[in-house]
Amino acid sequence: MDEPAITTKPIRKRTRIGNKCDPISFPNTRLTSLPVEILFEILSYLSPKDLYAVGHVSLLFNQLAYDPFLWRTYEVTNSEQGTDDVIKELKRMPMLRKISLNVRADCDDILRQLSLTNKKLEELHVSNCTGSTSKLYLRSGHLIRILERCRNLHTINILGSRFRGRKFYRMLGDMGERLKSVHAPATGSQFCTFIKHASQISENDRETICSMYIGTKSWAPLYYFVAKRTDRVSTALISYLHTDIVLIDSNRSARKFSITDRRNS
């Protein structure tokens, strides 16, 4: 029997028809071929963590993922980022709408930067933070400047952190109808300062509420929330020192909240 011939040429496999598709016959469907507007729409559904990951894919996606348009929310927890890194990030987020700071010991520096570069802020959430490593209380001056400069701000949650002074609470009350939700610690005098300047509450009811807390010196959570019902009548809830006060905007012409119910929680 003749021995098979040995050749150095590679043996070509037969093309299997029907099981594999010829990529040349199909149009280019890569993401990079999509219009920039559609890419922005896709990326807008990603979390900041995912945007960071996308930014390492290519130069194009780095430019897209770091566009200020996409950075509307930002969350910083513990010491996952240094103070300088957080400040650098805030400087490139002029469109920032919502920020959450959790368990940070440099909150004063971050709040100061927010007041300088993030004036479109709508929601501020601070949880268990201190002003610095040597200061337990937050500096109210930075919070005051945020209220002064961030004219779209309507929701403020400050939990597990304290600050002195009454000017911040006076400015909260002066926000009027723009204020939708507040959850913050307050002494009796700070709470009454907020109520006295809350022009959206009728004058008589402001006096009634403040009279309930005369002489109160201890810290307690202040909770204020406004909800609009389908009939355009607004309802407000004020909770302080285990007392819930419900107010309803029943007089639409005056646009003032009036007490409808008081109960102990």
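All values reported here derive from a predicted model rather than from experimental measurement. Numbering starts at 1 and runs along the sequence shown.
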Rounded to the nearest 0.5 Å, the CZ atom of Phe225 sits from the CG atom of Leu179 at a distance of 11.0 Å
Sequence neighbours excluded and cut-off under 3.5 Å, please list the side-chain donor-acceptor pairs for residues 151-158, or say none.
from	atom 1	to	atom 2	distance (Å)
Arg151	NH1	Glu148	O	3.3
Asn157	ND2	His125	ND1	3.0

Counting only pairs under 3.5 Å, give me each side-chain donor-acceptor contact of residues 85-96, with atom names and distances, residues two or more places apart or in other chains.
from	atom 1	to	atom 2	distance (Å)
Glu89	OE1	Arg92	NE	3.0
Glu89	OE2	Tyr52	OH	2.2
Glu89	OE2	Arg92	NH2	3.0

Report yes or no: does Asn128 contribute a side-chain atom to a donor-acceptor pair with the main-chain N or O of Val103 at less than 3.5 Å?
no
- Kindly confirm or rule out a cation-pi arrangement of Arg164 over Tyr137, judged by NZ or CZ under 6.0 Å from the six-membered ring centre and within 45° of its axis? yes
- Message: Less than 3.5 Å apart, any donor N or O on the side chain of Thr117 or Gln113 sitting next to an acceptor on the other?
- Response: yes
Might you confirm whether atom [atom1] of [X] has over 12 heavy atoms from other residues, nucleotides or ligands at distances under 6.0 Å?
X      : atom1 : answer
Arg97  : CZ    : yes
Arg112 : CZ    : no
Arg206 : CZ    : yes

query: Under a single-linkage definition using a 4.5 Å side-chain heavy-atom cutoff for Ile, Leu, Val, Met, Phe, Trp and Tyr, are Tyr66 and Ile99 assigned to the same hydrophobic cluster?
result: yes
- Are Trp219 and Tyr240 grouped together when hydrophobic residues (ILVMFWY) are joined by side-chain heavy atoms under 4.5 angstrom apart? no
Passes side-chain hydrogen bond (donor to acceptor under 3.5 Å, both in side chains), Asp109 versus Thr83? Steps please. CA-CA 8 Å; Asp109 291 334; Thr83 305; 5.1 Å; no
